[in-house]
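Below: one structure, written as structure tokens.
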Amino acid sequence: MVREHTLLTDAALDAARMHGVRLVEGGATSLRPPADDVVQALPRKGGLPAPALSGLVRSAAGGDAPRANSRPVTGAPVTQIEGLPDHGGLHTKLLIGGEWRDAEGGQTVPTVDPATNRTIVEVAAAQPADVDRAVRAARDAFPVWRDMAPEKRSRILLRVAELIEAEHERLAKIESHDVGKPIREAALVDLPACWDPWRFYQGLVRVIDGRVLAMPTSSLDYVRKEPMGVVGMIIPWNFPLHIACRKGSAALAAGNTVVLKAPELAPLTCLELGRIALEAGLPPGVLNVVPGLGATAGAALAEHPGVDKIAFTGSTVTGRTVMRAGAGTIKRVSLELGGKSPSIVFADADLERAVIGSVFGIYLAQGEVCSAGSRVLVERPVYDEFVRRFADKAAGIRVGMPHRWSTQLGALINERQCQRVYEYVEIGKAEGATVVAGGVRPSDPELAGGNFIEPTIFAGTNDMRIAQEEIFGPVVVIVPFDGEDEAVRIANDVRYGLAAGIWTSDVGRAHRVAHRLEAGSIWVNQYGVYPSEAPFGGYKESGTGYDLGLESLSEYLETKNIHLNIGTDTLDWYGS
Ligand code: NAD
């Protein structure tokens with residue numbers, strides 16, 4: 001039975017109807033696969049993240065042609081985009097103090113197309129001297145930005161959102177090309193999640209407040225929130241623009257200035273963000289972008305005494321190094337790290353929805369997602385049926401060249417990462433896990449030069465390395481369990497604690513289990529929802545601190561207490 005359309009957002013359904021796309025209505029079901037004009041499966045409110053998918057997609061057969069350079073409105077339908085970006089227009093230099101400059105000694109690092117392993121372009125690789133320049137530029141710009149009227153600061157951040165939205169097609173193409181992710185994901189999932197945090201935090205600029213404490217009338221005591229100063233941001237390659245936007249918008253809204261260390265494997269959209277920020281009216285030096293190697297540029301930023309806070313997203317291993325580096329000057333450090341998140345399916349769940357959501361949970365972005373549902377725990381009475389249905393669903397995923405709209409699973413970021421994923425396939429086999437599907441290269445000759453792997457499914461147990469270690473690829477382990485207690489025990493039996501999904505028709509159970517899970521984000525009867533309003537952070541070795549939500553704004557604010565003696569008394573301690 002096909003009920004995929006029930007997972008579309010309301011806005012997506014409206015958009016689809018507006019374009020004359022035929023939908024199978026409401027709760028109706030069909031025994032046939034969806035016809036070509038039925039909008040394809042994507043989870044309600046988002047997958048990754050909530051604002052995404054609001055404008056799904058697809059003009060009616062024979063209908064509108066893609067609108068080149070059209071100015072989208074929030075929530076408006078996105079037309080299909082195909083093709084590679086115009087390489088001639090890409091920014092490749094460091095952005096420091098509002099100026100584009102080469103790295104010290106002319107150092108560059110190639111950024112490579114994961115689908116072909118050919119170099120896209122050489123990008124400047126920041127050296128410690130460049131990072132130092134960027135930090136100084138950010139320090140110089142800090143008073144201007146900090147003291148700017150909130151109304152003005154808010155308007156500039158809103159403009160950033162508008163420009164990202166206006167350029168979303170080009171940005172999606174660049175992201176897809178640089179990261180290897182399908183263009184449909186870049187356009188529908190990543191890009192809305194890039195502009196939305198700017199919209200969210202621009203509003204908050206004007207409501208940052210403190211509080212006045214209850215004191216005798218001779219005193220005025222108040223708590224004030226202040227920006228920290230210079231924030232160093234170090235981010236990974238899997239969602240570069242989205243992560244730069246969600247961190248950057250909060251840090252800038254709070255009144256800080258930023259040095260963004262773009263990921264060496266996919267730096268291009270971070271550089272575009274730097275350009276957009278300047279165009280939006282951000283004063284020079286408020287946002288500096290320094291792509292470069294982790295061990296050089298990243299380490300220099302994490303150690304720099306002029307940096308007040310480090311906001312890091314990446315692997316747990318690097319997170320530890322960054323935390324140690326920040327200790328030298330007692331930097332504030334927030335860490336968004338790895339995960340091995342469970343999608344827990346109880347026997348009373350709507351299995352169709354659980355399959356759809358769990359498949360989405362692992363295969364989005366080739367499984368290169370920190371909160372990927374890389375373990376699916378299934379209650380034993382429905383285990384065999386679930387595995388069969390999961391495999392059927394995964395078999396329909398179209399692996400292909402990322403720039404094609406039809407592609408649903410793209411290329412892994414580089415040869416090394418691809419090799420690592422294949423090694424885990426061998427580890428799983430050696431551990432005695434059953435390969436239900438995948439684990440091999442796609443046969444399509446067009447994909448021979450890139451870092452591709454078929455969606456892979458293991459049936460295994462939670463003690464296996466493939467169920468304990470973050471693989472960061474399209475590999476899932478489906479593990480059986482008996483009853484609620486065992487589900488919770490297995491779910492928590494990893495060193496990570498980023499996210500979890502619960503599939504059940506029992507609202508009491510959903511509550512109970514959600515409370516007992518050691519993870520920062522819990523999704524019930526869905527997987528992978530990241531509204532800008534909701535804090536996203538990890539338990540255990542998945543990190544400390546938050547992105548998004550009000551909580552993230554607090555991550556970029558210091559708390560100051562001010563106590564005024566407004567009476568006439570003076571305590572003369574030494575006077576008698
Ligand atoms: P990574 O840790 O290798 O690199 C992340 C960033 O750190 C890169 O910009 C890199 O250049 C930099 N870096 C590397 N060594 C450094 C050092 N010594 N000092 C300072 N910076 C250094 O991670 P990755 O391979 O780019 O990304 C994948 C990892 O990121 C996965 O573990 C994934 O789970 C995690 N991730 C987490 C979240 C989250 O929100 N929790 C989101 C996305 C990715």
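Counting starts at 1 for both ligands and their atoms, following the listed order. The chain is numbered in sequence order, starting from 1.
- Note on ligand 1: G538 sits outside its first shell, no heavy atom being nearer than 4.0 Å.
- Residue R246 has at least one nitrogen or oxygen atom sitting less than 3.5 Å from a nitrogen or oxygen atom of ligand 1, judged on distance alone.
- Nearest protein neighbour of atom 34 (O) of ligand 1, counting heavy atoms only, is E470 OE2, 2.6 Å.
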For this session: Starting from the C-alpha separation in whole Å, work towards a yes-or-no answer on side-chain hydrogen bond (donor to acceptor under 3.5 Å, both in side chains) for N451 and N117.
Result: CA-CA 8 Å; N451 311 313; N117 285 313; 2.8 Å; yes

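- Remark: the S542 side chain and the K540 side chain contain no N/O donor-acceptor pair separated by less than 3.5 Å.
- Taking 4.5 Å as the limit, some side-chain heavy atom of I243 sits within range of a side-chain heavy atom of N238.
- At the top of the distance list for atom 5 (C) of ligand 1, counting protein heavy atoms only, stands T313 O, 3.7 Å.
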Problem set entry | W523/F360 under ring-ring contact (aromatic ring centres under 6.0 Å, His included): CA gap, chis, key distance, verdict | CA-CA 13 Å; W523 302 300; F360 176 81; 9.8 Å; no

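- Ligand 1 places these atoms under 4.0 Å from at least one heavy atom of L498: 41 (N).
- Ranked by closest heavy atom to atom 16 (C) of ligand 1, the top entry among L548, I413, T318, V317 is T318.
- For the side chain to side chain donor-acceptor pair (under 3.5 Å) criterion with T269, the lone passing option out of E175, H91, R170 is E175.
- Distances from ligand 1 to the non-hydrogen atoms of F312 include at least one value under 4.0 Å.
- Contacts of N238 with ligand 1, taken as heavy-atom pairs under 4.0 Å, involve the side chain alone.
- Heavy atoms from other residues, nucleotides or ligands lying under 6.0 Å from CE of M323 number 12 at most.
- Contacts between E264 and ligand 1, counted as non-hydrogen atom pairs separated by less than 4.0 Å, involve the side chain only.
- In the vicinity of K261, heavy-atom distances shorter than 4.0 Å reach the ligand 1 atoms 8 (C), 9 (O), 10 (C), 11 (O).
- Within ligand 1, counting atoms from 1 as listed, the ones closer than 4.0 Å to a heavy atom of F536 are 40 (O).
- The closest side-chain heavy-atom distance from E541 to L337 is not below 4.5 Å.
- Protein heavy atom at the shortest distance from atom 27 (O) of ligand 1 is P236 CB, 3.3 Å.
- For the pair K309 and Y556, the distance from NZ or CZ to the six-membered ring centre is under 6.0 Å and the angle to the ring normal is within 45 degrees.
- Close approach to I234 involves these atoms of ligand 1, each under 4.0 Å from a residue heavy atom: 6 (C), 7 (O), 9 (O), 12 (C), 20 (C), 21 (N).
- For W195 and Y201, the distance between ring centers is not under 6.0 angstrom.
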For this session: Determine, step by step, whether D547 and K247 satisfy the side chain to side chain contact (heavy atoms under 4.5 Å, CB included) criterion, reporting the C-alpha distance in whole Å, the side-chain angles of both residues, the deciding distance to 0.1 Å, and the verdict.
Result: CA-CA 6 Å; D547 272 2; K247 284 190 191 307; 3.0 Å; yes

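- Residue, atom and distance of the protein heavy atom nearest to atom 39 (C) of ligand 1 are C370 SG, 3.2 Å.
- Contact between I243 and ligand 1 is present, with at least one heavy atom of the residue lying under 4.0 Å from the ligand.
- The backbone and the side chain of S315 each have at least one atom closer than 4.0 Å to an atom of ligand 1 (non-hydrogen atoms only).
- Taking NE2 of H177 as the reference point, atom OG1 of T111 lies at 9.0 Å (rounded to 0.5 Å).
- No side-chain donor-acceptor contact under 3.5 Å links R441 to the backbone of E454.
- Under a 4.0 Å criterion applied to the non-hydrogen atoms of V322, ligand 1 contributes the atoms 20 (C).
- The heavy atom nearest to atom 35 (C) of ligand 1, out of those in G314, G338, A295, is found in G314.
- Geometrically, K181 engages F239 in a cation-pi contact, judged by NZ or CZ lying under 6.0 Å from the ring centre and within 45° of the ring axis.
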For this session: Apply side-chain hydrogen bond (donor to acceptor under 3.5 Å, both in side chains) to T313 and E336, showing your working.
Result: CA-CA 5 Å; T313 296; E336 303 285 332; 5.5 Å; no

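- An N or O contact shorter than 3.5 Å is missing between T321 and ligand 1 by distance.
- Side-chain atoms of I96 and V290, non-hydrogen and from C-beta on, do get closer than 4.5 Å to each other.
- Where the criterion is an N or O separation shorter than 3.5 Å, residue side chain and backbone included, L337 meets it with respect to ligand 1.
- Summarising the contacts of atom 17 (C) of ligand 1 with G319, G294, G298, C270, the nearest heavy atom is found in G294.
- The proximity of F472 to ligand 1, defined as any non-hydrogen pair under 4.0 Å, is limited to the side chain.
- Of the N or O atoms in W237, one or more lie within a sub-3.5 Å distance of an N or O in ligand 1.
- Ligand 1 has an N or O atom lying under 3.5 Å from an N or O atom of I235, backbone or side chain.
- At least one protein heavy atom sits closer than 4.0 Å to atom 41 (N) of ligand 1.
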